[in-house]
K.L.:
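Attaching a single structure in structure tokens format; questions to follow.
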Amino acid sequence: QVQLVESGGGLVQAGGSLRLFCAASGRTISTYGMGWFRQAPGKEREFVAAINWSGGSTAYADSVKGRFTISRDNAKNTVYLQMNSLKPEDTAVYYCARHYTPFAQIRLGVTDFGSWGRGTQVTVSS
């Protein structure tokens with residue numbers, strides 16, 4: 001069973017940057033696609049970004065395209081989310097997740113991911 005632990009969240013002013021980390025333990029994530037999702041109070045969990053197992057393919061929600069960058073270091077069993085030009089509407093709990101299936105193409109749905117971290121809070125003030 002893989003354990004995923006997110007970190008790097010915090011309070012930042014609009015226009016600022018944060019870098020989120022997702023550290024995996026217990027099992028390797030190097031053969032699995034990974035994703036970042038977020039959930040704001042009173043809203044459903046939504047897709048933010050995903051990366052395939054090799055790091056050669058990425059996908060982003062329209063709302064973050066051009067501002068966020070997902071990357072991974074398989075040697076460190078870690079996935080990153082660089083968030084720039086943050087907006088108040090980016091405020092949410094951010095979750096890291098691993099695909100159900102190794103070597104699969106990128107998936108964007110919540111139900112495509114079988115292992116989740118507990119999340120890290122990101123708050124953007126105006």
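Small disclaimer: the values here were computed from a predicted structure and weren't measured.
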K.L.:
Linking I/L/V/M/F/W/Y whenever their side-chain heavy atoms sit closer than 4.5 Å, directly or via other members, would Y95 and I106 fall into one cluster?
P.N.:
yes
K.L.:
If you round to the nearest 0.5 Å, how far is CG of D112 from OG1 of T101?
P.N.:
8.5 Å
K.L.:
Applying side-chain hydrogen bond (donor to acceptor under 3.5 Å, both in side chains), can you list everything that pairs with Q39, at least two apart in sequence or on another chain?
P.N.:
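In terms of side-chain hydrogen bond (donor to acceptor under 3.5 Å, both in side chains), with neighbours along the sequence ignored, Q39 is linked to R45.
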K.L.:
For residues D90 and M83, determine if any side-chain heavy atom of one lies less than 4.5 Å from a side-chain heavy atom of the other.
P.N.:
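No - every pair of side-chain heavy atoms lies 4.5 Å or more apart.
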K.L.:
If you round to the nearest 0.5 Å, how far is OH of Y80 from OG1 of T69?
P.N.:
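Result: 14.0 Å between the selected atoms.
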K.L.:
Using a 3.5 Å distance criterion without hydrogens, assess whether the side chain of R72 forms a donor-acceptor pair with backbone atoms of N52.
P.N.:
yes
K.L.:
Can you list everything that forms a ring pair (Phe, Tyr, Trp, His ring centres under 6.0 Å) with Y100? Sequence neighbours excluded, please.
P.N.:
none
K.L.:
Give the C-alpha distance, both sets of side-chain angles, the deciding distance and a yes or no for salt bridge (Lys or Arg N to Asp or Glu O under 4.0 Å) between K65 and D62.
P.N.:
CA-CA 5 Å; K65 204 170 291 184; D62 287 343; 3.2 Å; yes
K.L.:
Name every donor-acceptor pair, under 3.5 Å, that has one atom in a side chain of residues 3-11 and the other anywhere in the protein, sequence neighbours excluded.
P.N.:
| unit_1 | atom_1 | unit_2 | atom_2 | d |
| --- | --- | --- | --- | --- |
| Q3 | NE2 | Q1 | O | 3.1 |
| E6 | OE1 | R118 | N | 3.1 |
| E6 | OE1 | G119 | N | 2.8 |
| E6 | OE2 | C96 | N | 2.8 |
| E6 | OE2 | G119 | N | 3.3 |

K.L.:
By the ring-ring contact (aromatic ring centres under 6.0 Å, His included) test, which pairs, at least two apart or in different chains, include something from residues 52-73?
P.N.:
W53-F103
K.L.:
Would you tabulate the side-chain donor-acceptor contacts of residues 18-28 under 3.5 Å, counting partners in other chains and residues two or more places apart, or write 'none'?
P.N.:
| unit_1 | atom_1 | unit_2 | atom_2 | d |
| --- | --- | --- | --- | --- |
| T28 | OG1 | S30 | N | 3.0 |
| T28 | OG1 | S30 | OG | 2.8 |

K.L.:
Of all heavy-atom pairs between P88 and S126, which one has the smallest distance, and what is that distance?
P.N.:
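Answer, listing the atom of P88 first, then S126: CG-CB, 3.8 Å.
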K.L.:
How close do V124 and K87 get, counting heavy atoms only, and between which atoms?
P.N.:
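Looks like CB-O, 3.3 Å.
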K.L.:
Other residues, nucleotides and ligands only: do more than 12 of their heavy atoms fall within 6.0 Å of CD on Q121?
P.N.:
yes
K.L.:
Are V48 and Y32 grouped together when hydrophobic residues (ILVMFWY) are joined by side-chain heavy atoms under 4.5 angstrom apart?
P.N.:
no
K.L.:
Is there a donor-acceptor pair under 3.5 Å between the side chain of R67 and the backbone N or O of S85?
P.N.:
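Yes, the answer is positive, given that a donor and an acceptor are paired below the 3.5 Å cut-off.
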K.L.:
Measuring only between side-chain heavy atoms, which start at C-beta, is I51 closer than 4.5 Å to W36?
P.N.:
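Of all side-chain heavy-atom pairs linking W36 with I51, none is under 4.5 Å.
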K.L.:
Would you please name every residue forming a ring pair (Phe, Tyr, Trp, His ring centres under 6.0 Å) with F37, sequence neighbours left out?
P.N.:
F47, F113, W116
K.L.:
Is there a chain of hydrophobic side chains (I, L, V, M, F, W, Y, each step under 4.5 Å between heavy atoms) that links L108 to V110?
P.N.:
yes
K.L.:
Are V12 and L81 joined in one hydrophobic group, where the rule is that I, L, V, M, F, W and Y side chains link up if heavy atoms are under 4.5 Å apart?
P.N.:
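Both belong to a single hydrophobic cluster.
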K.L.:
With a sphere of 6.0 Å drawn around NZ of K43, does it hold more than 12 non-hydrogen atoms of other residues, nucleotides or ligands?
P.N.:
no
K.L.:
Any side-chain heavy atom of L86 within less than 4.5 Å of one from Q13?
P.N.:
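When only atoms from C-beta onward are counted, Q13 and L86 do not touch, as no gap falls below 4.5 Å.
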